[in-house]
Amino acid sequence: MRDSLLRVASLVRKEVLALMRDPRSRVILFVPPLLQSFLFGYAATFDLNHAPYAVYDEDRSAASADLLARMDGSGVFERVATIQQSSDIARLIDDRDALLVLRIGPDFERKLSAGQQADIQLIADGRNSNTAGTAVSYVTAIVGGFNADWRAAHDMPDPPVTTSVRAWYNGNLETSWNMIPGLIGTITLLQVLMLTALSVAREREDGTFDQLLVTPIRPSEIMLGKALPSTVIGLIQATIILLVAQLWFKIPFAGSFVTLYAGLIPFVIASVGIGLFVSSLVANMQQAMLFSFILLMPFILLSGLATPIANMPDVFQWMTLIDPLRYALDITRRVYLEGAGLGQLIGDIWPMLLIGAITLPIAAWMFRNRLT
């Protein structure tokens with residue numbers, strides 16, 4: 001065991017030195033235009049057409065029914081719940097069952113009939129500020145149409161309904177609060193996948209791969225020596241982004257660092273498995289970079305980083321289930337903004353562990369065959 005650890009440590013040292021000295025390891029290749037056009041055209045849509053929302057109608061009047069009918073008939077919003085008590089709002093938002101909750105006060109129609117302003121409240125999920133902001137703007141437009149029709153029907157000069165917006169977890173709906181925590185997983189995937197895929201390819205291209213075959217180092221030790229540096233560098237990169245988010249952008253961290261890294265470790269394991277699988281297939285660094293970016297673009301576009309997964313076609317939504325970045329983004333945003341605990345993240349952790357449990361043995365088997 002001691003000799004095995006020493007051999008792995010020597011490989012790790014060699015890999016770190018090679019990664020730091022070789023500028024080709026940081027070269028980024030252009031992804032084929034066809035792949036980008038296909039993914040952007042279908043997956044990266046900014047149209048909001050299936051926004052789940054819930055209703056808390058305390059008035060239950062003809063006026064509130066008219067407003068809700070406009071919401072339901074807009075083609076943008078899909079009502080997922082009609083709640084009876086305010087305590088249900090937190091559950092719907094926390095579980096991501098509803099993007100926003102529309103709350104109508106008990107005196108809505110009476111105030112309208114008396115010529116007074118009637119307030120409605122929107123409670124939005126600010127963890128995805130882009131989507132929430134777009135949904136709020138659509139609601140505002142619907143309320144504007146309701147106002148115009150009500151004024152015309154009742155001869156009122158002033159807008160009868162005003163809207164107050166309250167966003168949870170991101171009060172000002174700032175894009176950086178949504179994007180920067182998401183980059184923790186995105187940059188980690190980029191770093192780990194690229195460095196792991198390039199590791200064996202660099203050995204083959206430099207002519208040092210054959211030298212490993214005559215050493216006493218076993219294939220499993222070589223694979224471990226290739227994986228550990230990429231894992232450590234990926235976690236360091238995640239830490240740097242985390243520090244930038246807190247120290248420069250001043251985004252408050254609501255969760256636990258232990259929980260965050262406990263969720264990132266399975267993600268790194270899955271990313272290493274995918275990177276080693278790519279590394280076992282390619283013959284040189286150019287192929288390694290090309291294969292890496294062919295995988296990276298779908299991973300990023302299908303992760304929900306910029307566009308909601310619910311807006312994608314069904315076939316793409318199924319494809320996101322094998323995307324480790326999807327689960328990493330959910331973990332980083334929920335821990336960072338929501339303060340979610342480890343028990344709430346089990347649904348994101350076990351799929352990444354499953355991806356790692358599949359890709360690592362396959363990569364090890366292919367790696368062993370390439371060495372023999």
Side-chain angles (χ1 to χ4, degrees), residues 87-101 123-133 166-192 231-272 299-300 303-310 320 323-356:
S87 58
D88 292 333
I89 297 176
R91 176 183 57 81
L92 289 169
I93 297 287
D94 288 345
D95 294 343
R96 298 179 183 271
D97 292 331
L99 176 64
L100 54 84
V101 176
I123 302 173
D125 185 353
R127 287 170 291 191
N128 192 333
S129 57
N130 292 334
T131 306
R166 176 187 174 192
W168 286 10
Y169 309 118
N170 185 359
N172 296 324
L173 294 178
E174 297 184 22
T175 302
S176 61
W177 285 36
N178 170 59
M179 188 61 64
I180 300 300
L183 289 179
I184 296 175
T186 305
I187 299 300
T188 300
L189 174 66
L190 173 65
Q191 196 78 9
V192 171
T231 301
V232 174
I233 292 175
L235 292 175
I236 292 174
Q237 190 73 34
T239 303
I240 293 173
I241 301 171
L242 182 63
L243 293 175
V244 170
Q246 294 185 68
L247 301 179
W248 183 260
F249 289 97
K250 307 295 183 181
I251 304 174
F253 186 79
S256 165
F257 292 106
V258 175
T259 303
L260 178 62
Y261 282 95
L264 285 177
I265 290 175
F267 170 62
V268 172
I269 292 174
S271 302
V272 167
F299 282 158
I300 294 174
S303 67
L305 176 66
T307 57
I309 295 176
T320 64
D323 184 356
L325 185 56
R326 165 189 174 163
Y327 307 106
L329 290 183
D330 193 50
I331 288 174
T332 54
R333 286 171 173 168
R334 294 192 65 186
V335 174
Y336 202 112
L337 300 177
E338 179 185 339
L342 191 60
Q344 299 173 274
L345 305 177
I346 298 300
D348 292 315
I349 291 177
W350 75 261
M352 294 188 295
L353 291 175
L354 180 61
I355 293 173

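Here the closest non-hydrogen pair linking Ile251 and Pro181 is CD1-CD, 4.4 Å. Listed here is the closest heavy atom pair of Gly185 and Ala328: CA-CB, 4.5 Å. For the residue pair Thr188 and Gly234, the shortest heavy atom distance occurs at OG1-O, 3.5 Å. Residue Met352 comes nearest to Gly263 through the heavy atom pair CE-O, 3.5 Å, listed as atom of the first residue, atom of the second, then distance. Ile184 and Ala238 get closest at one heavy-atom pair: CG2-CB, 3.8 Å. Residues Pro266 and Leu353 come closest through the heavy atom pair CB-CD2, 3.6 Å.
The backbone N or O of Arg127 sits less than 3.5 Å from a side-chain atom of Asp125, completing a donor-acceptor pair. Side-chain atoms of Arg334 come within 3.5 Å of backbone atoms of Gln344 as a donor-acceptor pair (strictly under, hydrogens ignored).
Side-chain atoms of Tyr327 and Leu345, non-hydrogen and from C-beta on, never get closer than 4.5 Å to each other.
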**Report entry** Intermediate values then yes/no, side chain to side chain contact (heavy atoms under 4.5 Å, CB included), Tyr336 and Leu242
**Finding:** CA-CA 9 Å; Tyr336 202 112; Leu242 182 63; 3.5 Å; yes
Query raised in the report: Could you walk me through whether Val335 and Phe257 pass the side chain to side chain contact (heavy atoms under 4.5 Å, CB included) check?
Result: CA-CA 8 Å; Val335 174; Phe257 292 106; over 6 Å; no
Query raised in the report: Is there a side chain to side chain contact (heavy atoms under 4.5 Å, CB included) between Gln237 and Leu190 once you walk through the steps?
Result: CA-CA 10 Å; Gln237 190 73 34; Leu190 173 65; over 6 Å; no
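Partners of Thr186 by side-chain contact (heavy atoms from CB on, under 4.5 Å), not counting sequence neighbours, listed by chain and number: Leu183, Ile300, Leu305, Leu325, Leu329.
Rounded to the nearest 0.5 angstrom, Leu260 CG and Leu342 CG are separated by 11.0 Å. Between the CD1 atom in Ile93 and the CH2 atom in Trp168 there is a gap of 6.0 Å [rounded to 0.5 Å]. Note that the CZ atom of Phe299 and the OG1 atom of Thr320 stand 11.5 Å from one another [nearest 0.5 Å]. Summarising the geometry, atom OG1 belonging to Thr231 is positioned 12.0 Å from atom CG belonging to Leu264; distances are rounded to the nearest 0.5 Å. Taken to the nearest 0.5 Å, the CD1 atom of Ile355 stands 12.0 Å off from the CD1 atom of Ile269.
Applying the side chain to side chain donor-acceptor pair (under 3.5 Å) rule to pairs touching residues 240-262 yields Thr239-Tyr261, sequence neighbours excluded.
The only member of Ile265, Leu354, Ile331 that meets side-chain contact (heavy atoms from CB on, under 4.5 Å) when paired with Ile349 is Ile331.
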